[in-house]
Amino acid sequence: MAARYGNAEAEKDGGWAVEARGLVKTFGDNRAVDGVDLNVRAGSIYGVLGPNGAGKTTTIRMLATLLRMDGGSARIFGYDVEKEPQIVRQLIGVTGQYASVDESLSATENLVIFSRLLGLGRAEARRKAAELLEEFGLTEAAKRPLKQFSGGMRRRLDLAASLIAQPPLIFLDEPTTGLDPRTRAQMWNTIRRLVKTGSTVLLTTQYLDEADQLADRIAVIDRGRVVAEGTVDELKASVGNSLLHLRIEDQGDIREARRIVEQVLQVRSSASAEAGKITAPMAETGRVTDLLIALRGAGIHLAEISVQKPTLDEVFLAITGHGVKENESPESEKSNVAEVASV
Amino acid sequence: MSTTAAKRGAGRPLKNYTSFGQSVRNSLTMAYRGLLKIRRTPEQLFDVTLQPILFTLMFTYIFGGAISGSVSDYLPVIIPGILVQTVISTSIVTGVQLREDMEKGVFDRFKSLPIARIAPLAGALLADTVRYAIATLLTFVMGYIMGYHPDGGLGYVAIAGVLVIACSWAVSWIFAFFGVIARTASSVQGISMIVLFPLTFLSNAFVPVDTMPGWLQWFVNINPISHLVTAVRELANTGTVGPDLAISLIGAAVIVAVFAPLTVRAYMRRT
């Protein structure tokens, strides 16, 4: 393993920002993180995707020196997280799932204090705070106490606080959970801009579309283990880019309809007999035309046809063989419906 | 590999330790944060303003006649006693607030910053000396209004005040330790009261020791609170520096030497 991630390769490709081997964290009987390996290239956005309780936050907290690891090892830009934590802290910025800013102080006061802690002088700290507030569109709210801030403003301030020292690696733990779609898009733009300035971003998310929008590579994590790793395209290919849902008018035709679907699309389909519904992964949208013609030729009438992007649940089902647990299912899945067409 | 990292560090020197100077600077910044918080929520100063006024009035008029024959004779005894009792018990709040503060997300950021580990704790404790100073000042002012004119003069009274504030700061490390290891803020309050009540009342703060049974006198005489009260009385009432001042300062130093490292270690383990 060591040879494979040796210096030569690392230097050539800009190096590894994060190399984690077999990370383990147990809380009582619960192995929250159970042997996680992560390799993040410097200058990229890396997404860690998984449902609540999968071990995403615990993994990030261990990498960010906030939590002691029970097993494994991790290096940040080559520095050992356990042996050289104070160096690692000089290379990272952390934006937690719950805003890690001071509620009782104003936005300016927060940023000034963090700047001073990072060694900036009094005047320099003020200037840096003003500059960051301007950049994150918080200038008007600068003097207000944080209690009056909206969730989005708080997140932006939190991110601003992580950028004071311009750290080369930034951890973002669920940066958009609980934000409205517009604020979410703003956050995405900010994250993209960060990477353009040379930073590396490791973010966790419950949303496939967020990982899709931002990440160069994704690790899917479930029950403390990495169950899949690859580029967004590789990951999607394993479930199909989109899913085709068909509802047959006469349920007696369902067997014949499935045969035609599988023949034309050359994939495996699944059916639920009661509702007369057929679901099949679809690589090319163009094939739908062929399929509709074939179905009409066979005299099968459709009640409904829709094409949907795979939800996190379906990605999970495909990769792990079990779905996201009912009460842990993220609310955004509904918003993943890409297009719905009726015939 | 390390050359890559150094480059990424944007020219900052990377080192895996914090210098003493940096620890002091970080602690002062954290103290500044504590002061800002007090300014934002002045209602948390209620206890240090009301308690000295109420306790001084109550104890003096209730016990004055019975213990010293008259209120004016009791004042030189009770004011130093009540001062130590009030200010020391104020330091419990430090532990309670630290516990509440640590629950908040901002402590995660403090932990992830390359700052001295002791700074968030030392800063919070340092900011609270403002609370002790308010309580000290108000106790002396109340005493003065009721007719307490210490013979030591303003200079020695000020020294006595500083001594009490310094010792309370030292004692607050004990409660900070409880604050770090306890699960909830109210349990910090509970444990701290159990420790503090016997310490402040089983002392010479309110009554002359020679009226107590022999076995109790033994405890009262070794109680560090008694030494502190005696030191304050000597300073304020006669302007003399006795061995009790040295004992108080040594005691304070020992408390800090034991509890500061314990607290920082517990703080770093707790995540």
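The sequence lines fix the lettering, A, B, ..., with proteins before strands; numbering per chain opens at 1. Only this structure's heavy atoms are used, side chains among them; waters, hydrogens and symmetry mates stay out.
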Original post:
Is it true that Arg40(B) and Glu109(A) make a salt bridge, defined as a side-chain N closer than 4.0 Å to a carboxylate O?
Top reply: yes

Original post:
Is Asp102(A) paired with Lys104(B) through a side-chain N to carboxylate O contact shorter than 4.0 Å?
Top reply: no

How close do [X] and [Y] get, heavy atom to heavy atom, and via which atoms?
X	Y	answer
Ser112(B)	Val94(A)	CB-CG2, 3.7 Å
Ser100(A)	Gly105(B)	CB-O, 3.2 Å
Gln86(A)	Ile115(B)	NE2-O, 3.0 Å

Subject >> side-chain contact (heavy atoms from CB on, under 4.5 Å) evaluation trace for Phe110(B) with Leu117(A) >> reply: CA-CA 9 Å; Phe110(B) 294 147; Leu117(A) 286 173; 3.9 Å; yes

**OP:** Report, as yes or no, whether the 6.0 Å neighbourhood of atom CZ on Arg192(A) holds more than 12 heavy atoms from other residues, nucleotides or ligands.
**Re:**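 Enclosed: over 12 neighbouring heavy atoms sit under 6.0 Å from CZ of Arg192(A).
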
**OP:** Answer yes or no: are there more than 12 heavy-atom neighbours, outside Arg117(B) itself, under 6.0 Å from its atom CZ?
**Re:** yes

Original post:
Of the listed residues (Leu28(B), Asp101(B), Thr18(B), Leu113(B)), which shares the most heavy-atom pairs with chain A below a 4.5 Å separation?
Top reply: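 The residue among Leu28(B), Asp101(B), Thr18(B), Leu113(B) with the greatest pair count is Leu113(B).
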
Subject >> Donor-acceptor under 3.5 Å (Asp108(B) side chain, Gly96(A) main chain) >> reply: no

Original post:
Do the side chains of Leu105(A) and Arg33(B) get nearer than 4.5 Å, heavy atoms only?
Top reply: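 Yes, at least one pair of side-chain atoms sits under 4.5 Å.
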
Original post:
Is the charged tip of Arg116(A) near the ring of Tyr32(B): under 6.0 Å from the six-membered ring centre and within 45° of its axis?
Top reply: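 Ring-cation test returns no.
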
Original post:
So what's closer than 4.5 Å to chain A heavy atoms on Phe107(B): side chain, backbone, both or neither?
Top reply: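 The answer is neither part of Phe107(B).
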
